[in-house]
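First the structure, in the form of structure tokens, and then the observations on it.
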Amino acid sequence: MAKKNIFTDSFGTPYFLKRLIIFILGIVSYRRFNGFNKLKITGTENLVDLPDSNVLFVSNHQTYFADVAAMYHAFCAVNNGYLNTIKNPIYLLNPKIDFYYVAAEETMNKGILPKIFKIAGAVTVKRTWRSEGKNVNRLVDMSEIDNIMKALDNGWVATFPQGTTAAFAQGRKGTAKLIKNQRPIVIPIKINGFRRAFDKKGLRVKVTGVKPTMEFKKALDIDYDQENAQQILHKIMTAIEQTEDFNVLHTYDEEIKAKKSEQNNQ
């Protein structure tokens, strides 16, 4: 385990700077979640007794930044005793500073605002299957895995196993392999409504009056010795409701195809 430092986080960022950035970004984004739109948070009672480190949050993904910003609000609120609510932003004065999130390197290097978000706690990785809008096939950079493990050693980490904001995209085994090796407590998060309320980046309010939801579920029951990466991944994807079983449109399309096939065979 990396040695704790009272002045800087796992990657050498001064805590005072992280506190300032989280506070400013929290104030700027607050009305997006409790003004223009009303974020409904449930399940934060599942976070109260968690340890300070080796906790991995796995979530579906709908925007680049709004999802993570909402998590910061929820974690900071819980850190100050507020459960399932972000109505009192005084919690931003005492933020959850040992929280990190896994993000695509190319996303975090475009523009000043993403770079500021990066300082707040991003652990950047290069996607092995996609880069700058093109399909690629490259090896995993093991130094990036080491960085995620370093973050887990010292705090909470959020990751998006699909690696994309596209709904019902397949999960990536890398997350499951990391879980099997590191054996963290795994908390699933199910979000909804962010894609409708915000633009793809999550920086601009697209529609007002939306009630996005963020549900923190109970820790997954994982047998780290007996279950393989594929089994763990299936548990994750089911918990964040991103398997085809939850895809209503897919089910509807399949029903239409079945009816057409039945009519053609008559």
Side-chain angles (χ1 to χ4, degrees), residues 15-50 55 57-103 107-108 111-122 155-160 165 167 187-218 240-241:
Y15 278 135
F16 79 87
L17 180 59
K18 289 189 73 170
R19 288 179 180 276
L20 178 62
I21 289 175
I22 293 171
F23 176 78
I24 293 174
L25 292 178
I27 291 296
V28 170
S29 64
Y30 181 71
R31 288 197 66 196
R32 286 168 166 77
F33 302 118
N34 196 40
F36 301 117
N37 296 296
K38 297 287 186 180
L39 175 64
K40 181 181 179 182
I41 302 174
T42 57
T44 55
E45 62 273 9
N46 295 318
L47 313 184
V48 174
D49 296 322
L50 292 176
V55 177
F57 295 87
V58 290
S59 177
N60 62 314
H61 203 20
Q62 294 194 340
T63 71
Y64 292 167
F65 300 111
D67 309 7
V68 172
M71 288 179 195
Y72 269 106
H73 278 282
F75 293 146
C76 292
V78 172
N79 196 49
N80 290 273
Y82 299 105
L83 299 183
N84 297 328
T85 182
I86 59 168
K87 289 184 178 179
N88 192 346
I90 195 171
Y91 55 73
L92 292 170
L93 294 173
N94 181 36
K96 177 73 176 175
I97 50 176
D98 282 318
F99 167 60
Y100 306 88
Y101 60 97
V102 179
T107 300
M108 304 310 297
I112 294 176
L113 194 56
K115 290 179 180 178
I116 294 175
F117 267 106
K118 184 176 179 179
I119 296 173
W156 293 0
V157 177
T159 188
F160 306 94
T165 57
I187 305 290
I189 304 175
K190 171 64 172 67
I191 66 170
N192 195 25
F194 284 75
R195 185 179 289 109
R196 181 164 176 260
F198 307 102
D199 66 345
K200 187 173 183 178
K201 289 185 177 180
L203 299 176
R204 182 176 61 83
V205 176
K206 188 167 64 175
V207 180
T208 60
V210 178
K211 295 182 179 180
T213 60
M214 177 171 283
E215 177 186 1
F216 294 89
K217 299 188 177 183
K218 292 182 178 180
I240 64 175
E241 301 180 20

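Side chains are part of it too, since the values below use all heavy atoms of this structure and drop only hydrogens, waters and symmetry mates.
Counting heavy atoms from C-beta on, the side chains of Asn79 and Asn94 come closer than 4.5 Å. Counting heavy atoms from C-beta outward, Val102 and Val157 have side chains that approach closer than 4.5 Å. Looking at Phe36 and Arg31, their side chains come closer than 4.5 Å, going by heavy atoms from C-beta outward. Taking the side chain as every heavy atom from C-beta outward, His73 and Tyr91 approach each other to under 4.5 Å. Within the 4.5 Å cutoff, the side chain of Lys211 has no heavy atoms near those of the Lys40 side chain. Inter-residue side-chain proximity for Asp98 and Tyr15 is flagged as met; some heavy-atom pair is nearer than 4.5 Å. Inter-residue side-chain proximity for Ile187 and Val58 is flagged as unmet; no heavy-atom pair is nearer than 4.5 Å.
Scanning all heavy atoms of the two residues, the minimum distance from Pro114 to Met108 falls at O-CE, 3.2 Å. Across all non-hydrogen atoms, the minimal contact from Ala197 to Pro212 is CB-CG, 4.2 Å. Looking at every heavy atom in both residues, Ile22 comes nearest to Cys76 through CG2-SG, 4.2 Å. What you find for Pro95 and Arg19 is that their closest heavy atoms are CD-NH1, 3.5 Å.
Using modelled atom types, no side-chain atom of Tyr100 and backbone atom of Ala120 make a donor-acceptor pair closer than 3.5 Å. A donor-acceptor pair is defined here as one N or O able to donate and one able to accept, closer than 3.5 Å; such a pair exists between the side chain of Thr63 and the backbone of Ala66. Between the side chain of Asp199 and the main chain of Arg204, a donor-acceptor pair closer than 3.5 Å is present.
We find the CD1-CG distance between Ile24 and Leu20 to be 4.0 Å, quoted to the nearest 0.5 Å. Rounding to the nearest 0.5 Å places NZ of Lys190 at 8.0 Å from CD of Glu215. Atom OG1 in Thr213 sits 16.0 Å away from atom NZ in Lys38 (nearest 0.5 Å). Between Leu50 atom CG and Phe75 atom CZ the span is 9.0 Å, to the nearest 0.5 Å. Between the CD1 atom in Ile189 and the NZ atom in Lys217 there is a gap of 11.0 Å [rounded to 0.5 Å]. Within the model, atoms CD1 of Ile86 and CD1 of Ile41 stand 5.0 Å from one another, a figure rounded to the nearest 0.5 Å.
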Please report the C-alpha distance between Val68 and Tyr72 in whole Å, then the side-chain angles of each, then the deciding distance to 0.1 Å, and finally whether the side chain to side chain contact (heavy atoms under 4.5 Å, CB included) criterion is met. CA-CA 6 Å; Val68 172; Tyr72 269 106; 3.7 Å; yes

May I have the step-by-step check of side chain to side chain contact (heavy atoms under 4.5 Å, CB included) for Phe65 and Leu203, ending in yes or no? CA-CA 7 Å; Phe65 300 111; Leu203 299 176; 3.9 Å; yes

Before giving the answer on side chain to side chain contact (heavy atoms under 4.5 Å, CB included), spell out for Tyr64 and Thr165 the whole-Å C-alpha distance, their side-chain angles and the decisive distance to 0.1 Å. CA-CA 7 Å; Tyr64 292 167; Thr165 57; 3.9 Å; yes

Which is it for Phe57 and Met71 under the side chain to side chain contact (heavy atoms under 4.5 Å, CB included) test, yes or no, and what are the steps along the way? CA-CA 10 Å; Phe57 295 87; Met71 288 179 195; 5.7 Å; no

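With salt bridges taken as basic N to acidic carboxylate O contacts below 4.0 Å, none links Glu45 and Lys218.
With hydrogens and angles left out, the side-chain atoms of Asn88 and Tyr82 include a donor and acceptor closer than 3.5 Å. Inspection of the Asn84 and Thr44 side chains reveals an N or O donor paired with an N or O acceptor under 3.5 Å.
Remark: Gln62 pairs with Asn60, Asp67, Ile191, Asn192, Phe194, Arg195 by the side-chain contact (heavy atoms from CB on, under 4.5 Å) rule, at least two apart or across chains.
Taking the centre and axis of the six-membered ring of Tyr101, the NZ or CZ atom of Lys96 falls outside the cone set by 45° and 6.0 Å.
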